[in-house]
Amino acid sequence: MDFKIDATSKNARACTIKTAHSTIKTPVFMPVGTLGSIKALDMQDVLETLGADIILANTYHMYLRPGDKTVAKMGKLHGFTTFFKSFLTDSGGFQAFSLSDISKPKADGIEFRSHIDGSKHFFTPKKVIDIQNNLGSDIMMVLDDLVALPASQERIKLSIERTTEWARESIEYFRQKQESGIGVEQNIFAIIQGGTDKSFREKSAKELCELDFDGFAIGGLSVGELNNEMYDTVEHTTQFMPKEKPRYLMGVGTPEDLIENIDRGIDMFDCVMPTRNARNGTLFTSFGKLNIKGASFKEDKTPIDPECRCLTCQRYSRAYLNHLFRSREITYFRLATLHNLHYYLNLMREAREAILEDRYDEFKSEFYKKREA
Ligand code: GUN
Ligand code: ZN
């Protein structure tokens, strides 16, 4: 993977990542396509209307259905879905932990039952690499052991020990397979754990960042801790991460979370928030959130956000969207999802411009000022 820092503004970074399928300008937000689709959109929307260069898919889901072997036969993720830019796949550790009916972390992997049919499965560090080789993602994630917060010191300690051990096993296996010609164009990231404990985060970061990974993620956040605890944990952790590799904050977050964590040196984000919120009626704008079901929008001829240049805002009024939402019309989901994802992707493009011009501080103040007005 080709990685270059184009500019910095204090700790904020604007970088370029090149994979076999696309060139990614950072900071970047990766829309979540858990099942190999961005809910309510088709790939033309994602590629052309939104212009996304990388999206996320989940190992856990694609393994259970339709099965990674089927995806491999159908042209891997790119051919199967027709999204011919980059895919990042999460390893399944988080999904087994959060979705599965029963999930039991063990010394050598995670045992879980499918949320679809209750069948029993066991994910090991090697197995999730085999699956992600079949999926053909551009960036794969290692199997990690994460814990719900708050957790005991002993449980967090066990989590980082296991995560490091699994990461060592993963990188060795991944590079070995590459030497034999499998997954040569793929990349692999490790995941730093440690809850909100500074010394655990330091230990986890130092142990993992010694290893030959293509990039590093911070995991185990946005799981119920306070905002400031998340920001402090990220600020503390990034100092132990190499400058010359991408930094990914998993599962985060609100527009404010993105703005704050870019300021702390994060390059990549993913979150279900823009897509899920769109479907619930919550739309993001430059002046804050808006709930489209509100009675005040019934006869409002203005677009969701007068500053927004998305397809939905160029064409439709709040009144029309309010009507579609209340009537549960299927097209509402597409229009709302397009707007919210455009908002997130555009926020990242503006943040990048500000970093390139070394005015990230001003950009951040402006971002907050608009929301107070
Ligand atoms: N998604 C959000 N947080 C995490 C995490 O800590 N680990 C993994 N694998 N995926 C995540
Ligand atoms: Zn819009």
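One-based numbering along the sequence shown. These values consider heavy atoms only, across backbone and side chains, with no hydrogens, waters or symmetry-generated copies. Indexing begins at 1, ligand by ligand and atom by atom, following the structure's order.
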So that I can tick it off, tell me whether [Y] and [X] are bridged by a salt bridge, with the cut-off set at under 4.0 angstrom between side-chain N and carboxylate O.
{"X": "K10", "Y": "D361", "value": "yes"}
{"X": "E202", "Y": "K198", "value": "no"}
{"X": "D212", "Y": "R175", "value": "yes"}

Angle between ring planes, Y320 versus Y316, binned at 30° and 60°: parallel, tilted or perpendicular? parallel
Sorted by chain and residue number, the ring pair (Phe, Tyr, Trp, His ring centres under 6.0 Å) partners of Y173 (sequence neighbours excluded) come out as none
Name all residues meeting the ring pair (Phe, Tyr, Trp, His ring centres under 6.0 Å) criterion together with F240; count only those two or more places apart in sequence or in a different chain, and write none if there are none. H236
Classify the side-chain pair Y63/N58 by whether it contains a donor and acceptor separated by less than 3.5 Å. no
Measure from every N or O atom of ligand 1 to the protein's N or O atoms and keep only the pairs below 3.5 Å, writing each with atom names and distance to 0.1 Å.
| unit_1 | atom_1 | unit_2 | atom_2 | d |
| --- | --- | --- | --- | --- |
| ligand 1 | 6 (O) | Q193 | NE2 | 3.0 |
| ligand 1 | 6 (O) | G220 | N | 2.6 |
| ligand 1 | 7 (N) | D144 | OD2 | 2.6 |
| ligand 1 | 9 (N) | D90 | OD1 | 2.9 |
| ligand 1 | 9 (N) | D144 | OD1 | 2.9 |
| ligand 1 | 9 (N) | D144 | OD2 | 3.3 |
| ligand 1 | 10 (N) | D90 | OD1 | 3.4 |
| ligand 1 | 10 (N) | D90 | OD2 | 2.6 |

Which atom pair, heavy atoms only, marks the closest approach of I355 to R13? CD1-O, 3.4 Å
So, with waters excluded, how many protein N/O/S atoms does the Zn ion (ligand 2) have closer than 2.8 Å? 4
Answer whether the closest heavy-atom distance between the side chains of N133 and M140 falls below 4.5 Å. yes
